[in-house]
Each structure stands twice: as structure tokens, then as C-alpha cells.
Q: 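Handing you a structure now.
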Amino acid sequence: MDWATLSAGFTLWDVAALILLALSWAGATRLIENPPKSRPSTSVLMADYRRAWMEVFITRQPRIFDSQIVASLRQGTAFFASASMIAIGGGFALLGNADQLRGVAQDLSPSVDPVVVFEIKLMLMLLFAANAFLKFVWAHRLFGYTSVLMAAVSEDATDPATRVRARKAGEINVTGGRSYNRGLRSVYFGIAAAGWLLGPIVLMLTTLVTLAVILRREFASQSRAVLLEPGDKPRFER
């Protein structure tokens, strides 16, 4: 297929929709991870609790409860990493049957785009799935690092290295949580990218709805309100 035929399958609306998707994805991450000090996000609030966890961990005996929490975190990341792999495999399977998918899309939309256009749209979803997989795998590994650092924390609270190692474990834990959340956002926007199969206007709508859901959960959710209840401000001594 020549370039003229390919370019005819995309319009300025498609370009605008892709720009909106990219800006929403990058902007949401930027805002959530670097919110105004007067309005912290749920992720930032939870990062403080991750650090506070390591402070309590120093004096908790026995530490079986803490190891179970880390195991739970790793199980969650492993589950989503596996799900992302399945999504990637399914995406490649769809690439081999783009004609059938095009037929389904035409039942829902008057679009008559060439098959190659549908393949490009599927590849966008695959990119989000691949990014999510990489983020989840890295989060899984970081939680593994956290468990090793926790094991290196002495039971002697007077040991100068105890608080230093606990602080390191807390920061690695926070980094793992950040990577995990980035993976989830890739999943969310990957699902939104499916709207492109029905046209750029639908992609814009799914992008805006996804962005609104993510921001509401981070800045206007009931869980955030609970975390902000007075009398509890966990801060790990640095």
C-alpha cells in the first residue's frame, strides 16, 4: 500500500485524538506524581504510609506480617504482568485477523478504513500493553528488592544501620508503588485507545472519560478523604 493510500486513512481528527491521548497520559502521570502541596494525590499520600510502614517495621516483632504484605504486593504485580502478556498475545492474534475486526468495526461505524489502518490502531493498544508489562515487571522486581532490604534490617533498634536500611526499604517500596501505578494507568489508557477502532471522536471521548476517572480517584475519591482525616500524618524521618 502506498503512502497516499495510507495517509488517506487518517485525518486531522485522528491526529488531534492521538495528541489528546498522549497529553492526557503524560499529564495525568505528571500531576499525580507531582501534585500541588495543598492538594496531594492518593498516590502521594500512600507513599507516606509506605515510608511509615518501614518505621513501624523496625520495632515490630515478629515480622511475619510484613513479609506477608510484601508477598501480597508481589502477587498483585505478577498478576497484572501476566494479564498484560495475555493482552499482548491477544493483540498480535488480532493483527493476524484484522479483516474480521474491520468487519466488526464496520457494524458499529460507517468507517471503511483499509486493513492496514486497523492494524496501526491495534498497535497503539499493543504499545500501551507492552508499557504496562514493563512497568509491572519492574515493580515486581522493586518489591523483591524491598523484601531483601527489609531482611537486612537488624532487630536491634539501636544499631545505626537499622534506620538507614529501613529508610532505603521505604524508598524502594515507594518507587515500586510508583511503577505499579504507572502500569495501571497504561492499562486504563490502553483500554481507552480501543475507542480509536470506532473513530477519532470516540477515541477523544474514551480518553476524556478515562482521564476523568483517574483524576477523580486520585483527587476526589472517598479513599483519599479517609487518608486525609485529621490526627494521622505519617512522615518517615529522613
Q: Given the rule that I, L, V, M, F, W and Y join up when any side-chain heavy atoms are under 4.5 Å apart, are Leu23 and Leu208 in one cluster?
A: no
Q: In terms of hydrophobic clustering (I, L, V, M, F, W, Y; side-chain heavy atoms under 4.5 Å; direct or indirect links), are Met125 and Leu20 co-clustered?
A: no
Q: Shortest non-hydrogen contact from Ala129 to Ala87?
A: CB-CB, 4.4 Å
Q: Can you find a side-chain donor-acceptor pair between Thr29 and Arg182 that sits under 3.5 Å?
A: no
Q: Can you tell which of Arg217, Glu218, Glu33, Met46 makes a side-chain contact (heavy atoms from CB on, under 4.5 Å) with Ser41?
A: Glu218
Q: Measure the shortest side-chain to side-chain distance between Trp196 and Val202 over non-hydrogen atoms and say whether it is less than 4.5 angstrom.
A: no
Q: Does a sphere of radius 6.0 Å around CZ in Arg30 hold more than 12 heavy atoms from other residues, nucleotides or ligands, not counting ones at 6.0 Å or beyond?
A: no
Q: Is any side-chain heavy atom of Leu227 closer than 4.5 Å to a side-chain heavy atom of Tyr49?
A: yes
Q: Show the nearest heavy-atom pair for residues Val137 and Ala81, with the distance to one decimal.
A: CG2-CB, 4.2 Å
Q: To the nearest 0.5 Å, tell me how far Leu127 CG sits from Leu122 CG.
A: 11.0 Å
Q: Do Ser186 and Asn131 meet the criterion of a side-chain donor-acceptor pair at a distance under 3.5 Å?
A: yes
Q: For the residue pair Ile58 and Ala157, what are the closest heavy atoms and their distance?
A: CG2-CB, 4.2 Å
Q: Is Arg167 salt-bridged to Glu55, cutoff N-O under 4.0 Å?
A: no
Q: Is the backbone N or O of Ala152 less than 3.5 Å from a side-chain atom of Arg165, with the two atoms forming a donor-acceptor pair by type?
A: yes
Q: Taking a hydrophobic cluster as the set of Ile, Leu, Val, Met, Phe, Trp and Tyr residues connected by side-chain heavy atoms closer than 4.5 Å, whether directly or through intermediates, do Leu134 and Met123 fall within one such cluster?
A: yes
Q: Decide side-chain hydrogen bond (donor to acceptor under 3.5 Å, both in side chains) for Ser154 and Asp156; before the verdict, give the C-alpha distance in whole Å, the side-chain angles of both, and the deciding distance to 0.1 Å.
A: CA-CA 5 Å; Ser154 171; Asp156 182 6; 5.3 Å; no
Q: With a 4.0 Å cut-off, would you call Arg51 and Glu171 a salt bridge?
A: yes
Q: Flag the pair Tyr188 / Val213 as yes when at least one side-chain heavy-atom distance between them is below 4.5 Å, and no otherwise.
A: no
Q: I need the minimum non-hydrogen distance between Asn173 and Phe143, along with the two atoms involved.
A: OD1-CE2, 3.3 Å
Q: Do Leu142 and Tyr180 have side-chain heavy atoms sitting under 4.5 Å apart?
A: no
Q: Working to the nearest 0.5 angstrom, can you tell me the gap between Leu73 CG and Ser147 OG?
A: 10.5 Å
Q: Please lay out, stage by stage, how Val70 and Ser67 fare under the test side-chain contact (heavy atoms from CB on, under 4.5 Å).
A: CA-CA 5 Å; Val70 175; Ser67 65; 5.8 Å; no
Q: Could you give the distance from NE2 (His140) to CZ (Phe80), rounded to the nearest 0.5 Å?
A: 13.5 Å
Q: Looking at Phe57, is Arg63 sitting on its ring face, NZ or CZ under 6.0 Å from the six-membered ring centre and within 45 degrees of the normal?
A: yes
Q: Hey, does Pro40 have a side-chain heavy atom less than 4.5 Å from the side chain of Arg224?
A: yes
Q: If you round to the nearest 0.5 Å, how far is CD1 of Ile32 from OG1 of Thr42?
A: 8.5 Å
Q: If I take atom NZ from residue Lys121 and atom CG from residue Leu198, how far apart are they, to the nearest 0.5 angstrom?
A: 8.5 Å
Q: Do you reckon Leu45 sits in the same ILVMFWY cluster as Val174, going by side-chain contacts under 4.5 Å, direct or chained?
A: no
Q: When you compare the side chain of Leu18 with that of Trp13, does any pair of heavy atoms fall below 4.5 Å?
A: no
Q: Is any side-chain heavy atom of Ser179 closer than 4.5 Å to one of Thr77?
A: no
Q: Trp25 and Phe128: aromatic ring centres closer than 6.0 Å?
A: yes
Q: Are Ile191 and Leu184 in one and the same hydrophobic cluster, where Ile, Leu, Val, Met, Phe, Trp and Tyr link if side-chain heavy atoms are under 4.5 Å apart?
A: yes
Q: Looking at Leu21 and Ala193, what are the two nearest heavy atoms and their distance?
A: CD2-CB, 4.3 Å
Q: Side chains of Tyr145 and Thr175: closer than 4.5 Å at any heavy-atom pair?
A: no
Q: Leu126 and Gly91: which non-hydrogen atoms are nearest, and at how many Å?
A: CD2-CA, 3.6 Å
Q: Give, for atom CG of Leu211 and atom CZ of Arg185, the distance between the pair rounded to the nearest 0.5 Å.
A: 11.0 Å
